[in-house]
Engineer: 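Please see the structure below; I have some questions.
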Amino acid sequence: MRKKSYKAWLEGDIAFRGFTYLAALSLVGVVLAILWVLVEKSQLTFTKFGPGFALGSRWDPVHGVFGALPLVYGTVVSSLIALAIALPLSLGIAIYLTQLAPHWLRGPVSFLVELLAAIPSVVYGLWGVFVLVPWVRSSVEPVLGSALGFLPLFRGAPYGFGMLAAGIILAIMITPTISAVSREVLLAVPRSQQEAMLALGATRWETIRMVVLPYGRSGILGAAILGLGRALGETMAVTMVIGNRPQISPSLFELAQTIASIIANEFSEAFNDLHLSALVAAGFILFVITLLLHVMARLLVWRVARVPQGVTRE
Amino acid sequence: MLNTRNKWLVLLMSILLVGVLVGPVGQIEARTIALNGAGASFPYPLYSKWLDEYRKIAPNVAIDYQSIGSGGGIRGILEQTVDFAGSDAPMTDEQLAKAPGEIFHIPTVMGAVVITYNLKGVKTGLKLTPDVLADIFLGKITKWNDKRITSINPGVNLPAQPIVIVHRSDGSGTTNIFTDYLSSISSTWKTKVGKGTSVEWPTGIGAKGNEGVSGAVKQTPGAIGYVELAYAIQNKLPYAFLKNRAGKFVEPTLETTTAAAAGAAANMPEDMRVSIVNAPGQDAYPIAGYTYLLVYKDQKDKAKGTELVKFLWWAIHDGEKFAKELLYAPLPGNVVKLAEKKIKQINYRGEVLHK
């Protein structure tokens with residue numbers, strides 16, 4: 001017995017087990033440490049405003065009035081716009097690359113898509129200010145305004161800066177993540193199932209719709225959540241194009257503000273304790289949003305995985 | 001018994017040991033003294049020039065300044081994690097009350113805030129009065145061809161374009177000076193918005209940094225925003241002439257900024273915490289402010305304190321010569337005299353450190 005465990009130690013079983021255990025534990029430790037700092041440093045704000053902080057709509061550092069609702073709105077809506085644009089685009093990329101593209105093209109295109117993920121966000125921001133924003137102001141917003149102006153979503157003065165620009169830039173930033181993960185998921189769809197479908201006389205489109213996509217559903221959902229998570233926390237590029245105005249407006253042309261962006265903007269010059277703690281409290285809310293998102297995602301993935309439609313797993 | 005080889009070894013070890021023990025004693029004279037500073041980013045280009053130049057004069061003093069923002073600098077000096085701090089805004093009474101000792105404000109240079117705009121065919125020199133400026137930023141004047149703007153700019157062809165306001169989104173000393181000015185000339189602004197490094201803007205696009213504001217102004221026809229004077233000069237931005245307290249339209253330059261400080265010096269309080277916006281004087285440009293170095297009056301380390309005082313003295317005398325080439329407005333003579341008085345009070349246990 002003793003000899004055996006010594007041997008096990010020699011072979012690295014126990015040492016390796018201990019090491020991985022510590023690695024996993026340290027991650028939990030980091031999360032708890034972050035949570036503790038967020039809770040501790042935001043005390044002042046939550047004791048002063050209570051839960052009303054999350055519902056308040058003013059952000060006035062001069063008079064010490066802080067409310068995070070417009071920030072939450074800006075964070076969530078800009079990320080959802082990004083997802084609405086990026087998800088179909090990424091799925092298109094992933095399907096094309098795995099199912100339809102000629103072999104010689106797959107490598108270079110995948111490489112280019114992944115290259116987008118390596119560009120620093122400040123570069124996206126600069127591109128946003130000098131290329132995207134003027135284009136949105138002079139082309140996108142006037143067209144949307146005249147065609148769809150009957151919807152409150154597309155009303156207001158075209159600044160270029162604002163929610164729409166932020167959503168578009170975020171979409172470009174999360175597309176590589178979503179498409180790369182989706183591509184891996186679609187590559188894992190068993191060849192045999194697709195061939196069976198084709199043998200039954202299904203077209204390419206039918207095979208993709210009825211076999212490939214349902215099989216990869218939970219993986220694609222995971223990819224989308226990964227992208228959404230990145231969009232929620234993105235700071236630099238957003239701050240450069242969103243207009244940094246904490247307000248709630250139904251129009252996508254209007255300026256907005258996100259949690260990550262206001263923290264990056266105001267943290268270094270936050271003079272008084274209340275202002276500082278309000279910024280940490282906003283960070284705490286972002287933490288909660290991200291947590292809720294992941295819990296919801298997990299539930300969705302379980303649900304989707306439990307009820308397979310049309311296909312059985314191998 | 002030691003054999004020959006071991007004897008040599010013992011001898012060698014002894015020499016090494018003596019060397020280790022005696023070595024540091026010999027070096028104490030030449031020990032470098034490290035001074036750490038942090039704070040405002042606005043004067044950073046000048047301060048790093050100063051540190052370079054000062055190293056040539058006093059090679060045994062290693063001074064370091066990190067540009068982390070005025071807020072961070074003030075926190076650093078309060079928590080005594082730095083030997084001196086930089087700040088664009090004087091500390092408030094509330095902050096000073098938290099300090100473990102008396103803190104001195106030593107002004108070093110001045111900066112001015114200029115109004116820049118994007119109007120086709122209108123170059124530098126658009127004239128603005130205080131009340132028009134305040135009403136533009138309050139969102140009350142919304143078109144460039146408003147009578148109140150055209151009446152003070154005869155001969156300038158102003159379009160019927162909506163005014164788009166661009167302001168800083170990041171907390172900044174520039175915003176502090178600008179909102180300080182608006183508060184001093186408009187009671188509506190003072191009660192509704194107030195002054196600070198970050199404020200709740202009545203209207204407009206927020207952009208990060210001077211480069212963000214100037215970028216947004218350049219990209220948006222009909223935009224108006226504010227940036228630091230140095231930034232505007234370097235980037236050749238068009239800027240407005242402002243009507244000062246004496247009723248004259250003044251171009252923002254280093255000279256008119258220094259004139260503002262000179263005009264305000266008569267009312268300089270003893271602790272030097274003063275706002276010089278809307279200063280009196282024929283040539284005073286109205287949106288200007290000091291940037292300060294913050295130091296403790298009672299130094300805890302004699303050697304460090306002595307070097308700090310030497311550096312401060314050098315900064316407000318020889319250091320001022322580097323200000324203009326880096327586009328900072330140097331202190332006027334009467335303010336240098338006031339700063340000297342402060343530096344002479346810095347002491348170590350009652351012993352004045354300035355010689």
Engineer: Does any heavy atom of chain A fall under 4.5 Å from the side chain of B:R168, the backbone, both, or neither of them?
Structural biologist: neither
Engineer: Can you name the ring pair (Phe, Tyr, Trp, His ring centres under 6.0 Å) partners of A:Y159, sequence neighbours left out?
Structural biologist: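 Listed in chain order: nothing, the list is empty.
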Engineer: If the contact rule is any heavy atom under 4.5 Å from chain A, which residues of residues 181-190 of chain B qualify, in numerical order?
Structural biologist: none
Engineer: For A:N244, does its backbone N or O pair with a side-chain atom of B:S169 as donor and acceptor, under 3.5 Å?
Structural biologist: no
Engineer: Side chain, backbone, both or neither: which part of B:E211 has an atom under 4.5 Å from a heavy atom of chain A?
Structural biologist: neither
Engineer: Looking only at atom types and distance, does a side-chain atom of A:R58 sit under 3.5 Å from a main-chain N or O of B:E200, one as donor and one as acceptor?
Structural biologist: no
Engineer: Give the C-alpha distance, both sets of side-chain angles, the deciding distance and a yes or no for salt bridge (charged side-chain N to carboxylate O under 4.0 Å, His left out) between A:D273 and B:K98.
Structural biologist: CA-CA 12 Å; A:D273 293 344; B:K98 277 189 218 157; 3.3 Å; yes
Engineer: Check each atom of B:A216 against the heavy atoms of chain A and say whether the ones under 4.5 Å are side chain, backbone, both or neither.
Structural biologist: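 Contact with chain A involves both backbone and side-chain atoms of B:A216.
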Engineer: Need one label for B:V193: side chain, backbone, both or neither, based on atoms under 4.5 Å from any heavy atom in chain A.
Structural biologist: backbone
Engineer: Can you name the residues that form a salt bridge (charged side-chain N to carboxylate O under 4.0 Å, His left out) with B:D146, not counting sequence neighbours?
Structural biologist: none
Engineer: Quick one: which residues of residues 170-177 of chain B reach chain A at under 4.5 angstrom, heavy atoms only?
Structural biologist: B:D170, B:G171, B:S172
Engineer: Using a cut-off of under 4.5 Å on heavy-atom pairs, state which of A:V133, A:L276, A:I262 scores highest against chain B.
Structural biologist: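 Going by pairs under 4.5 Å, I would pick A:L276.
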Engineer: Check each atom of B:I68 against the heavy atoms of chain A and say whether the ones under 4.5 Å are side chain, backbone, both or neither.
Structural biologist: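 Looking at B:I68, just its backbone touches chain A.
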